[in-house]
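Worksheet: one structure, shown below.
Since the structure is predicted, the reported quantities are computational estimates derived from the model, not experimental observations.
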Amino acid sequence: MAEEEDDFEPSGGMRPFWSGNITFGLVSVPVGLYSATRTGGFALKMIGPDEAPVHRRYVCSEDGEVLDQDDIVRGYEIEKGKFIVVTDEELEAIEPRKSREIDLQLFVDRQEIDPIYFNRAYFLVPASGTNKAYRLLAEVMEKKDQAGIATFVMRGKEYLVAIIAENGILRAETLRFADEIRKPADVDLPEPAKPPAAMVKKFEEQIAKRAKKLDLHEFLDERTERLEKLVAKKEKQKGAIVQAPVEEREEEGQGGEVVDLLAILSKSLGGTKKPARKAPAKKKAATTTTKKKTKRAASR
């Protein structure tokens with residue numbers, strides 16, 4: 001019996017970072033790219049003596065003058081204090097060609113990719129009406145335990161990416177380019193020496209005692225938990241809460257709800273995945289006033 005295609009649109013107003021097609025040969029699978037991670041931690045905002053949040057501003061290192069955006073140009077520092085100014089037009093001319101394709105140029109065994117190259121994870125969600133092609137690609141790649149390697153352009157930048165299949169879901173892992181990886185010699189690591197056999201045995205015993213199946217849910221951000229408890233405790237204390245001026249509060253706006261991407265994938269692929277708990281909404285973080293070292297030519 002032919003598999004039924006699902007008409008699927010992500011709910012909650014969430015838009016993909018990028019949408020296009022995974023291609024190889026004559027095969028084309030339309031997908032949307034959604035971030036698979038969220039920023040953790042417990043955000044603290046920087047506030048001034050009048051209880052208003054402070055903001056980042058650019059200040060000339062020579063005369064201390066506050067600079068407007070129009071006063072600043074981009075520059076590449078060729079040596080200390082010497083810059084080559086690059087215009088917006090010149091940058092636009094060398095931008096990679098925009099594309100709506102992740103063209104899988106080769107397939108490799110997943111174990112061939114050193115974890116040091118992994119940068120950021122994304123979910124690939126099937127576009128409306130493409131469930132069958134998506135499922136087929138994910139099943140074949142997972143069965144063979146292979147990853148597809150490609151380059152693609154997102155928001156004006158070219159990325160190296162590995163497409164991986166797990167539990168019927170396609171994931172894109174952006175990879176660092178080879179010149180971004182340091183060699184052991186770059187950090188002055190000593191030459192490896194053969195350790196005494198007795199010490200090797202002792203280490204093997206200690207490692208064996210701690211060997212178990214990995215469950216990352218057992219590891220919690222303890223600092224964040226302690227900070228949350230501290231804030232909750234101080235909230236009950238008299239005089240602990242300060243209030244920003246009305247105009248500052250009105251400008252801040254409210255943080256949006258974080259959409260559960262596993263639930264989105266579950267709906268797209270037939271509801272086989274258990275939805276995860278929703279994360280709390282996050283507020284917009286404030287930044288501090290900083291000085292930018294520049295002679296009207298700042299590298300941003």
Side-chain angles (χ1 to χ4, degrees), residues 8-10 12-39 69 72-77 84-110 112-131 133-138 140-142 146-166 169-182 256 258-259 261-262 264-265 268 298-300:
F8 167 70
E9 292 293 341
M14 188 175 186
R15 294 179 178 273
F17 280 95
W18 178 93
S19 59
N21 300 284
I22 299 174
T23 64
F24 57 99
L26 299 177
V27 178
S28 180
V29 182
V31 292
L33 194 73
Y34 295 80
S35 177
T37 61
R38 60 168 62 96
T39 302
Q69 193 69 31
I72 303 171
V73 295
R74 294 179 176 87
Y76 181 83
E77 191 171 23
I84 298 293
V85 174
V86 182
T87 67
D88 290 342
E89 291 77 14
E90 290 170 329
L91 289 173
E92 289 175 6
I94 62 173
E95 280 188 355
R97 183 177 60 85
K98 292 181 179 180
S99 173
R100 287 295 177 188
E101 290 187 352
I102 299 178
D103 185 13
L104 299 180
Q105 301 169 20
L106 70 155
F107 289 86
V108 300
D109 291 336
R110 285 185 55 177
E112 288 186 39
I113 307 174
D114 191 325
I116 198 173
Y117 283 88
F118 288 120
N119 189 13
R120 187 169 182 180
Y122 295 87
F123 286 128
L124 287 165
V125 176
S128 179
T130 61
N131 197 343
Y134 180 99
R135 283 181 182 272
L136 182 59
L137 178 59
V140 173
M141 289 182 63
E142 189 168 0
Q146 288 187 321
I149 306 298
T151 57
F152 79 109
V153 178
M154 178 170 63
R155 296 184 175 179
K157 182 179 177 181
E158 187 172 41
Y159 291 87
L160 178 64
V161 66
I163 306 299
I164 294 169
E166 283 184 345
I169 293 172
L170 291 176
R171 193 175 75 244
E173 294 275 357
T174 54
L175 304 176
R176 295 178 176 89
F177 287 96
D179 59 358
E180 298 178 86
I181 306 298
R182 287 196 175 103
V258 178
V259 177
L261 281 173
L262 288 181
I264 290 177
L265 282 165
S268 174
S299 177
R300 294 189 298 168

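- Residue T23 comes nearest to S28 through the heavy atom pair CG2-OG, 3.9 Å, listed as atom of the first residue, atom of the second, then distance.
- Of all heavy-atom pairs between A165 and A138, the closest is CB-O, 3.3 Å.
- The side-chain heavy atoms of R120 and S35, taken from C-beta on, include a pair separated by under 4.5 Å.
- Between the CZ atom of F152 and the CG atom of L33 there is a distance of 5.5 Å, given to the nearest 0.5 Å.
- Distance CG/L170 to OH/Y134: 4.0 Å, rounded to 0.5 Å.
- Counting heavy atoms from C-beta on, the side chains of F24 and I163 never come closer than 4.5 Å.
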For this session: Dump the intermediate steps for side-chain contact (heavy atoms from CB on, under 4.5 Å) on R74 and D88, then the final yes or no.
Result: CA-CA 8 Å; R74 294 179 176 87; D88 290 342; 2.6 Å; yes

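- The two residues E173 and A121 have their closest heavy-atom pair at OE2-CB, 3.6 Å.
- Panel note: side chain D114, backbone I116; a donor-acceptor pair is recorded below 3.5 Å.
- Formation of a donor-acceptor pair under 3.5 Å by the R100 side chain with backbone atoms of N21 is not found in this model.
- Atom-to-atom distance recorded for R171:CZ and L124:CG is 10.0 Å, nearest 0.5 angstrom.
- Counting heavy atoms from C-beta on, the side chains of V153 and E95 never come closer than 4.5 Å.
- Rounded to the nearest 0.5 Å, atoms CZ (F177) and OG1 (T174) are 10.0 Å apart.
- To the nearest 0.5 Å, atom CE of residue M141 and atom CD1 of residue I22 are 7.5 Å apart.
- Shortest non-hydrogen contact noted between A178 and Y117 is CA-CE2, 4.0 Å.
- Between W18 and Y122, the ring center distance fails the sub-6.0 Å criterion.
- Applying the side chain to side chain contact (heavy atoms under 4.5 Å, CB included) rule to A162 yields the partners I113, I149, L175; only residues at least two apart in sequence or on another chain are considered.
- Between the side chain of R176 and the backbone N or O of F118 there is at least one donor-acceptor pair closer than 3.5 Å.
- Going from atom OG1 of T151 over to atom CD1 of I102 covers 10.0 Å, rounded to the nearest 0.5 Å.
- Between Q146 and R110, the shortest heavy-atom contact is C-CG, 3.8 Å.
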